[in-house]
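Below: one structure, written as structure tokens.
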Amino acid sequence: MVSTPARPQPQYATHDVTNQASPLAPYDASEDPALLEGLRREGAGWAEEEVRRLGLSAGSAQAQEWGEQANRHEPELRTHDRYGNRIDEVEFHPSWHHLMRVAVAEGLAGAPWADARPGAHVARTAGGLVWGHTEAGHGCPTSMTYAAVPALRAQPELAKVYEPLLTSREYEPGLRVPTEKRGLLAGMGMTEKQGGSDVRTNTTVATPTAEPGVYTLRGHKWFTSAPMCDVFLLLAQAPQGLSCFLVPRVLPDGTRNTFRIQRLKDKLGNRSNASSEPEFDGTVAWLVGPEGRGVKTIIEMVNCTRLDCVMSSATLMRKTLVEAGHHARHRSAFGARLIDQPLMRNVLADLALESEAATTLTLRLAGAADRAVRGDAGEQAFRRIATAVGKYWVTKRGPAFTAEALECLGGNGYVEDSGMPRHYREAPLLSIWEGSGNVNALDVLRALGREPATAEALFAELALAQGADARLDAAVARLKDRLAETDQTGARRLVELMALALQASLLVRHAPPAVADAFCASRLGGDWGHSFGTLSGAADLDAILERALPGGN
């Protein structure tokens, strides 16, 4: 019998993996000089150790996996239980709850309102800038909970009951009597399908009951995110006009309030976060603030959530820049690492300028918010106009930025496993929520026309950098000239110039010369193309990248 010779074992040579970047995680999401310097400068240096710890947690393999899983396993609506009872509950993957538990425990929801330390709101914003590296969707309920507190204070007797629970660091999911829980989350409902941002056309009706301050609602909302929250601030038409109301999902006697979720939105991005269309029919609600003053009551909530839109855009910029830099450092083409090739360095340096400007402005806005709530009238005026300016511009820059960062990874960035498509889909959301670009541009015009102190505060801020850069001085002069002649048609150009001048002034005062000079030359001086990666040869790319990319360039 002739034996068969043994076949050699296959070596799978065609499947050897070379020239691919290693996984980024674990990394330190707080390793960002612009972030840490801004934290100290805006009065929250005492929180640096906590922010650094949270940055390490955010960049861990586990937390990054939570973010991926929360988006892969999207929330599911359960309108009825097995017996046919209406329950209107939304089920989430465990990873969502892990993310939420950390966010609430770290004070990223309502906690700053219970913290008397100066800089508490800055510390929260810095925490959001690093913890946001995990996943963007769960930032919605934490943001609304943070923003609900100042609005609720318009009705002190309600604030006395709910504020200690909204400022708690305990995350306790599930619908139960609010006062029997250790911590609450809040949402809001403003827009309706017939009006969108034009909330004064709302048709939801609020009917007074025999009990003072208690109403019943009948109507609907078109875009109400995070319907699993415990309480909501809603706008509805009362006898004296549009008013603000507090609506709990569960009533004090333990019965479910009528909050029928018709469907969850099938959104472009932000997939981990449930956004719904609720219907009200005999829904019990408590008046917040005077009847007919609903917009004035809830506008403070909008100011807070607009700041968080700026923060989230800055976070996406930083996250995708870190991803692009990591890839460029580990990928080679045409005989050299991408990070060593001049054109890629130009792209990354240009992105780094945009990211630093966004982060620096975000923290300045957080500082203004912190000082405004403590009674600083000048900061109140600055916050009023600068938050709308920042919301318009930084969120507008987000989609172009994330697209360019994705392109740095080439085809690898276009694959879902890279995570970059998720960031890209998220970016446009932040320009739309809490007022689209036009709404914020018009809000700036409204502030200039009705509140002269806002313009004075903005120019006082810009004056702090006067004489430091001729291009900035020229931009401020142009801005002053345009104030007298701008109508709606030119609103976007006006707000864009405001934003660029404000960012440049902050960088001239606080960033290294290489960063400030390149930003002013490109964004204000015209020495720039029409896409990222078009900085002039005079820009100090090495210095910019050395500062921006963790671990050097």
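All residue numbers in this chain count up from 1 along the given sequence.
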If every non-hydrogen atom of [X] is compared with every non-hydrogen atom of [Y], which pair is closest and at what distance?
X    : Y    : answer
P118 : W46  : O-NE1, 2.9 Å
L348 : C408 : CD2-SG, 4.2 Å
N71  : E74  : O-CG, 3.4 Å
D28  : R52  : OD1-O, 4.1 Å
V394 : S313 : CG1-CB, 3.8 Å
A336 : Q341 : O-NE2, 3.2 Å

For a quick check under 3.5 Å, do [X] and [Y] share a side-chain donor-acceptor pair by atom type?
X    : Y    : result
D473 : Q466 : no
S536 : D527 : yes
E68  : Q64  : no
W131 : H138 : yes
R492 : N438 : yes

Nearest 0.5 Å please: distance from the [atom1] atom of [X] over to the [atom2] atom of [Y].
X    : Y    : atom1 : atom2 : answer
L497 : K480 : CG    : NZ    : 12.5 Å
N440 : S431 : CG    : OG    : 8.0 Å
I544 : L353 : CD1   : CG    : 4.5 Å
S275 : L429 : OG    : CG    : 8.0 Å
E135 : H98  : CD    : NE2   : 13.5 Å
C140 : N270 : SG    : CG    : 6.5 Å

Is any NZ, NE, NH1 or NH2 atom of the basic residue among [X] and [Y] found under 4.0 Å from an Asp or Glu carboxylate oxygen of the other?
X    : Y    : result
R364 : E461 : yes
R446 : D443 : yes
D340 : R329 : no
R124 : E106 : no
R72  : E416 : no
R271 : D266 : yes
E323 : R318 : no
D350 : R523 : yes

Exercise for the section: If the plane angle is over 60° it's perpendicular, under 30° parallel, otherwise tilted; pick one for Y27 and H133. Expected result: tilted
Exercise for the section: May I ask you to decide if the ring planes of F92 and W96 are parallel, tilted or perpendicular, using 30° and 60° as cut-offs? Expected result: parallel
Handout entry: Intermediate values then yes/no, side-chain contact (heavy atoms from CB on, under 4.5 Å), L445 and L494
Key = CA-CA 9 Å; L445 294 187; L494 174 68; 3.8 Å; yes
Report yes or no: does [X] contribute a side-chain atom to a donor-acceptor pair with the main-chain N or O of [Y] at less than 3.5 Å?
X    : Y    : result
S436 : I432 : no
S355 : L351 : no
T359 : E356 : no
W113 : Y146 : yes
K391 : L430 : yes
T125 : H121 : yes
Q20  : H330 : no
D370 : A120 : yes
D308 : M311 : no
R345 : I339 : yes

Problem - Evaluation steps, side-chain contact (heavy atoms from CB on, under 4.5 Å), between W393 and M498 - result: CA-CA 9 Å; W393 182 243; M498 282 182 174; over 6 Å; no
Exercise for the section: Would you mind reporting whether S30 and L56 have side-chain heavy atoms less than 4.5 Å apart? Expected result: no
Problem - Verdict with reasoning, R53 to E49, per salt bridge (charged side-chain N to carboxylate O under 4.0 Å, His left out) - result: CA-CA 6 Å; R53 175 180 50 76; E49 183 178 346; over 6 Å; no
Handout entry: Residue pair R40, E48: steps toward the salt bridge (charged side-chain N to carboxylate O under 4.0 Å, His left out) verdict
Key = CA-CA 8 Å; R40 301 174 198 127; E48 182 170 341; 2.8 Å; yes
Practice task
Please lay out, stage by stage, how R471 and D517 fare under the test salt bridge (charged side-chain N to carboxylate O under 4.0 Å, His left out).
Solution key: CA-CA 9 Å; R471 294 156 300 196; D517 181 71; 2.7 Å; yes
Practice task
For Y424, look at atom OH and say whether over 12 heavy atoms of other residues, nucleotides or ligands are found less than 6.0 Å away.
Solution key: no
Exercise for the section: Count the heavy atoms of every other residue, nucleotide or ligand shown that sit under 6.0 Å from CZ of R374, and state whether that count exceeds 12. Expected result: yes
Practice task
Any chance you could lay out the side-chain contact (heavy atoms from CB on, under 4.5 Å) test for T320 and F401, step after step, and finish with the verdict?
Solution key: CA-CA 8 Å; T320 54; F401 187 106; 3.4 Å; yes
Handout entry: From CA spacing to verdict: side-chain contact (heavy atoms from CB on, under 4.5 Å), E37, T360
Key = CA-CA 9 Å; E37 291 167 10; T360 303; over 6 Å; no
Exercise for the section: Evaluate the salt bridge (charged side-chain N to carboxylate O under 4.0 Å, His left out) criterion for residues E434 and R306: first the C-alpha distance (whole Å), next the side-chain angles of each, then the deciding distance (0.1 Å), finally the verdict. Expected result: CA-CA 6 Å; E434 308 312 334; R306 283 180 176 174; 6.0 Å; no
